[in-house]
Protein chains: 2
Amino acid sequence: MPEQRSRAGRATIRDVAREAGVSVTTVSHALNGKGTASEATRRRVLAVAERLAYRAHPMARGLRRGRTGVLGLDMRPLDAIGSYLPVGVDYFVRFAGAAAVTALDHGLGLMLVPDLTRPGIPTSAHGVDGYVIGDPVRDDQALARLLDAGVPVVTVGRDPGRPDFTDWVGSDDVHETQRVLDLMRQRGAERVAFIAGTDDNAWNVDAERAYRAWAGRHHLPVRVLRVPEATGEDGGRDAARQLLDGPKTRPDAIYCQTGRHAAGVLAEAQHLGVAVPRDLLLAAGSDAQQTRLATPGITALDLEPEETGKAAVQLLIARLNGEPATGPVYVPARLHERGSTGAR
Amino acid sequence: MPEQRSRAGRATIRDVAREAGVSVTTVSHALNGKGTASEATRRRVLAVAERLAYRAHPMARGLRRGRTGVLGLDMRPLDAIGSYLPVGVDYFVRFAGAAAVTALDHGLGLMLVPDLTRPGIPTSAHGVDGYVIGDPVRDDQALARLLDAGVPVVTVGRDPGRPDFTDWVGSDDVHETQRVLDLMRQRGAERVAFIAGTDDNAWNVDAERAYRAWAGRHHLPVRVLRVPEATGEDGGRDAARQLLDGPKTRPDAIYCQTGRHAAGVLAEAQHLGVAVPRDLLLAAGSDAQQTRLATPGITALDLEPEETGKAAVQLLIARLNGEPATGPVYVPARLHERGSTGAR
DNA sequence: ACCTTTTCATAAAAGGTTTTATGCGATAGC
DNA sequence: GCTATCGCATAAAACCTTTTATGAAAAGGT
């Protein structure tokens with residue numbers, strides 16, 4: 001008595017029902033622990049299902065339940081990669097990896113969707129249960145579109161143009177920035193320059209705000225440069241040349257948002273004969289390969305991409321389960337003190 | 001006359017049909033360019049669909065067509081990340097980014113599935129149209145399972161235990177390895193040591209084979225060390241200490257498979273007072289942040305993860321479309337000559 | 001005028017699951 | 001002995017789309 005399978009491929013619920021001598025309803029109930037089946041029947045169905053290696057067809061189930069079991073991830077940094085520059089490489093993979101594993105732990109898949117605002121995106125992109133949007137910019141289009149469509153969405157870092165939206169995960173940028181600045185001041189800095197990126201996202205906005213407030217509080221001069229994230233080390237080099245030019249008002253400390261800019265600043269400073277940390281203190285607002293491997297190491301905030309990715313997925317799942325909005329989730333950053341601020 | 005939508009959320013094909021005064025069949029045909037509808041009807045339907053912002057429900061469509069529109073990606077390096085060590089970070093993100101974008105260009109999504117052999121993976125993982133498996137090890141379990149299930153799959157690098165399986169994409173490791181070794185010999189190397197990883201994948205296997213054959217051909221001594229990939233720079237340091245110990249038989253060149261090992265070797269060599277490239281030539285079989293940023297830069301093979309990711313997705317799509325197996329696709333590597341082999 | 005194409009549109013089936021409503025037989029209550 | 005309750009199982013509807021088969025009307029040919 002060979003087991004009849006409806007089609008070549010996989011066993012369907014109907015096959016299990018036939019084999020177990022019950023109705024499909026009973027199979028479904030037994031498998032999902034839903035109905036009122038006797039213990040004997042339940043066990044028999046389970047055994048047959050196991051034997052046939054039955055797995056509910058994900059799309060049939062999804063169609064019926066209205067849930068895909070897949071989360072979407074749209075990381076703005078990934079868009080920036082478009083040309084595949086190794087920008088944010090470090091952060092991205094740690095984040096995406098943690099997010100994927102966390103989703104997996106909840107029985108969900110994680111789908112990469114490069115850019116939701118691009119035309120002609122795959123229909124599957126509309127089929128996910130919810131979205132994680134990484135580092136939205138002010139009045140982010142992808143975010144707006146999803147919210148309009150009523151899709152549950154969580155962002156990493158808030159949208160600066162959307163103060164009401166609180167379903168986000170990220171570091172307390174104002175506080176963390178202060179921490180680093182305080183460290184520099186403690187190490188003797190009196191003229192701290194600040195190099196931000198040009199992306200109009202919360203991370204840049206809040207850090208700059210924190211810097212200005214901090215300088216004001218301590219009656220220290222304010223010097224802000226904005227350098228495109230994508231310029232990387234070269235951008236940092238240029239900025240350093242600019243800042244270290246006039247010996248008169250030369251800063252004795254530089255705080256860069258990105259690790260790559262910081263690495264460029266370090267290289268250029270060394271090239272110009274400005275010793276770090278003796279003549280110049282240096283720190284970065286995000287950790288990266290470049291800050292870890294530079295000589296001396298560059299003091300940096302580790303934004304804990306793994307924790308952040310995990311928290312983002314967890315928050316999204318909570319939203320999907322209809323739990324009330326729990327406001328923003330702050331992931332504390334870790335401050336790695338390295339040689340660039342005088343650590344041994 | 002407010003438009004009736006069957007439910008709160010999105011418009012269904014039925015809504016479009018009602019609004020356009022035709023049957024659902026006609027709508028489907030018009031939208032997919034299938035049936036025999038008059039030009040006038042077709043245009044009217046299209047206009048209504050546009051107005052209602054109608055999009056076919058991905059799961060309903062998938063259920064009917066037997067296609068999800070999603071590809072799965074199971075990168076073994078990502079598994080290794082488990083603890084989220086920045087191993088293969090560089091390669092992974094460039095690969096995954098390119099793969100995602102290529103899939104997107106074909107109207108497909110890309111789903112990250114950390115480890116297919118783990119128990120309790122999400123059902124959605126079974127719902128994808130095909131899989132890309134990155135760097136399978138010998139007799140890879142994930143690969144075996146998918147092939148058994150009849151799922152179309154493409155690997156990056158062949159499974160060393162599966163010579164018959166030709167649906168893979170990757171570099172010609174034997175040839176590329178020779179290229180680097182030839183360069184070192186041309187720069188004067190006479191005793192080249194080889195540091196491989198411990199993963200039993202084609203990349204390690206073929207490179208070591210190429211090294212042994214090359215050394216034999218040139219009557220040069222053979223010295224092979226195997227260091228776990230996950231040990232990174234520290235592993236490289238240890239290996240270097242071992243190799244550079246006895247001044248008697250000390251190698252005058254070291255070839256490392258991974259960039260991180262090479263970076264560790266460089267650091268340790270410098271620590272031991274062995275000047276690179278004067279006393280020791282150094283090269284790596286894969287490019288990474290570490291090889292680019294080291295001082296001096298480390299000569300390395302760029303395995304072109306973007307090209308590889310693109311090629312892998314394209315090959316998978318060809319398979320999905322029933323095109324005959326086109327054998328392995330070789331992606332040529334690029335050799336970056338840097339200071340560690342005497343480039344200026 | 002009749003038969004044959006051709007054109008255009010539709011009804012219905014299929015895809016696999018979950019859920020709601022229904023039914024049947026047996027036990028319990030009075 | 002009649003009815004209410006309960007336990008167990010199932011039929012059928014629903015989810016939304018695509019595809020196959022069918023049919024009506026119009027056009028064309030003799």
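Naming: A, B, ... by sequence-line order, numbering from 1 per chain. Atoms considered below: every heavy atom in the structure, side chains included; atoms not considered: hydrogens, waters and symmetry mates. Keep in mind it's a predicted model, so treat the numbers as computed, not measured.
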Answer with yes or no whether T25(A) presents, from its side chain, a donor or acceptor under 3.5 Å of a partner atom in the base of dA11(D).
-> yes

Say you draw a straight line from CG of L63(B) to NE2 of H57(B); how long is it, rounded to the nearest 0.5 Å?
-> 10.5 Å

Taken to the nearest whole Å, CZ/R65(A) to C1'/dC16(D) is 18 Å

Figure out the CE/P separation between M59(A) and dT18(D), and round it to whole Å.
-> 13 Å

So, are R162(A) and D139(A) salt-bridged, with charged N and O less than 4.0 Å apart?
-> no

Do R61(A) and dT17(C) have a side chain to base donor-acceptor pair shorter than 3.5 Å?
-> no

Only one of V113(B), T155(B), L71(B), L73(B) forms a side chain to side chain contact (heavy atoms under 4.5 Å, CB included) with Y131(B), so which one is it?
-> V113(B)

R14(B) has an atom CZ; how far is it from atom P of dA11(C), in whole Å?
-> 11 Å

Through what angle, rounded to 10 degrees, does the axis of the helix from dA1(C)-dT30(D) to dC30(C)-dG1(D) turn between its ends, using five pairs per end?
-> 60°

Test: R145(A) and D148(A) ion pair at under 4.0 Å = no

Taking C-beta and beyond as the side chain, do E19(B) and R51(B) meet within less than 4.5 Å on heavy atoms?
-> yes

Considering heavy-atom distances to DNA chain C, does R64(A) or A37(B) have its closest nucleotide positioned more toward the 5' end?
-> A37(B)

For the pair made of CG in L63(B) and P in dT17(C), what is the distance, rounded to whole Å?
-> 9 Å

Calculate the interatomic distance between I13(B) atom CD1 and dT19(D) atom P; express it in whole Å.
-> 11 Å

In numerical order, the residues of residues 38-50 of chain A whose heavy atoms come under 4.0 Å of DNA chain C are none

Separation of dC16(D) C1' from R67(A) CZ (nearest whole Å) | 19 Å

Any chance you could measure R67(A), atom CZ, to L108(A), atom CG, to the nearest 0.5 Å?
-> 8.0 Å

Can you sort out which residues in residues 26-36 of chain A have a heavy atom within less than 4.0 Å of DNA chain C? Ascending by number, please.
-> S28(A), H29(A), N32(A), K34(A)

